[in-house]
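What follows is a short report on a single structure.
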Amino acid sequence: MKDLVRRARKARDRRNWTEACDAFKAALDAANVPPAMKVDRTELDRGVFNPSEIAGELGLCELELRKYRDAAEHLTWSLEQDWALPSHLQERFLIGQRKAAFRVAELVLSVDPPDAEVFIDGRPIGRTARTYKLFLEPGRHMVRARAPGREDGFQAFNGEPGDKEEISMKLSGPAVSSAKDVPKVPKSASAPSVGRPPQASNPWASWPGTLRITGIAAATAGVSIGAILIIRAGTLDDDLTARRNRLLGESSSSSSTCWRAPPNSPCAELARLQDARNLSGRAGVAMAITGGVVGAVTAASFITDFSFLGLSPARDRIHVTPVATRDEVGAHIEGLW
């Protein structure tokens, strides 16, 4: 570890930040002090290592490399052990920590029970505690906590650079999360056995899913047929234009040529083409609009809560929240898969 620190300091003095960062990180790993662990004063007094100084120097190198989140974490952890740092290092690390924290979002997370497993954007933190102090890249983040015998907790937030977000999550329970947690049912009971889903007694129990499938099919068919009819109307319009130009070119008169034309005349054929074009175009537009309306209604059904009908527990649904900020417009979806 001493060789690693010596090499890291030489690279830092040459402003070779990448080499210095790698060497300081290797030295910190060799010290075998996780970020959540406190420095042992007895080890420090014996001069075995000073992980606080190594973590602070690593954070300053990461700051130069614009790894702001890692820099904020290492510098913050180093300053929490300020008793192990001389005053000049405390001042350097504090300035660096403020610069790094200004570029990232800070999250103070409290979880009950403290042994719950915590995930940030689907990735586990890797340790358990009652309170976490985390630094995240700016943007939208999802926090999930889970513990045996309790319902999973979800919390989303939008982290802005330099902001500090405080979240408290208390997992309620008990929750049935798997088949092995389901209480055993006597064979004599009328309820179905575990492992085979019960048959719905209400014939309308599955109607939302059926209507959604039907709505998707109807919307697709309506838009497709409407597009075909509109294309056909365009083809008829081209044919009509060509025939009209040919007829008017051969005739010495203008629009009066087709006035009260007999049924078997070229003018009557033009009238039939015009009627067919108008009918096809109007029908195509109507079908396309109808398909779009059905599609919109079907899409809206996915964010509708049917729990008031007693069809499914409310906690099993997917939450869809519209998001409109200065930089983005969209939908934020959260739930349990």
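- Salt bridge E53/R9: present, at least one basic N to carboxylate O contact under 4.0 Å.
- To the nearest 0.5 Å, the span separating CG on L107 from CD on Q155 amounts to 9.5 Å.
- No side-chain heavy atom of V104 sits less than 4.5 Å from a side-chain heavy atom of L136.
- Taking hydrophobic clusters as Ile, Leu, Val, Met, Phe, Trp and Tyr residues chained together by side-chain heavy-atom distances below 4.5 Å, F157 does not share a cluster with M142.
- Salt bridge status for E57 with K25: absent, with no side-chain N to carboxylate O gap under 4.0 Å.
- Counted within 6.0 Å of CZ on R92, heavy atoms from surrounding residues, nucleotides or ligands total more than 12; the atom is thus considered enclosed.
- Scanning all heavy atoms of the two residues, the minimum distance from Q97 to A72 falls at CG-O, 4.4 Å.
- R146 has no carboxylate O lying under 4.0 Å from a charged side-chain N of D152, or vice versa, which leaves the two without a salt bridge.
- No donor-acceptor distance shorter than 3.5 angstrom exists from the side chain of D237 to the backbone of A233, with no hydrogens or angles considered.
- By the 4.5 Å heavy-atom criterion applied to side chains, L85 and F93 are counted as neighbours.
- Annotation for Q274: atom CD counts as buried by contact number, over 12 foreign heavy atoms lying within 6.0 Å.
- E62 and R69 are not joined by a salt bridge, as no carboxylate oxygen comes within less than 4.0 angstrom of a charged side-chain nitrogen.
- Between D13 and K10 no salt bridge is recorded (no basic side-chain N to carboxylate O distance below 4.0 Å).
- Side-chain contact check for Y68 versus L63: some heavy-atom pair is nearer than 4.5 Å.
- To the nearest 0.5 Å, atoms NE2 (H74) and CG (L28) are separated by 5.5 Å.
- For R140 against A156, the heavy-atom pair with the smallest separation is NH2-CB, 3.9 Å.
- Of the possible donor and acceptor atoms, one in the side chain of S280 sits under 3.5 Å from a partner among the backbone N and O of L229.
- Using a 4.5 Å heavy-atom threshold, the side chains of E165 and E106 count as separate.
- With N245 contributing its side chain and T241 its backbone, the two residues share a donor-acceptor pair below 3.5 Å.
- Closest of all the heavy-atom pairs between S224 and T220 is OG-O, 2.7 Å.
- Looking only at distances, a side-chain donor or acceptor of R150 sits under 3.5 Å from a matching main-chain atom of L171.
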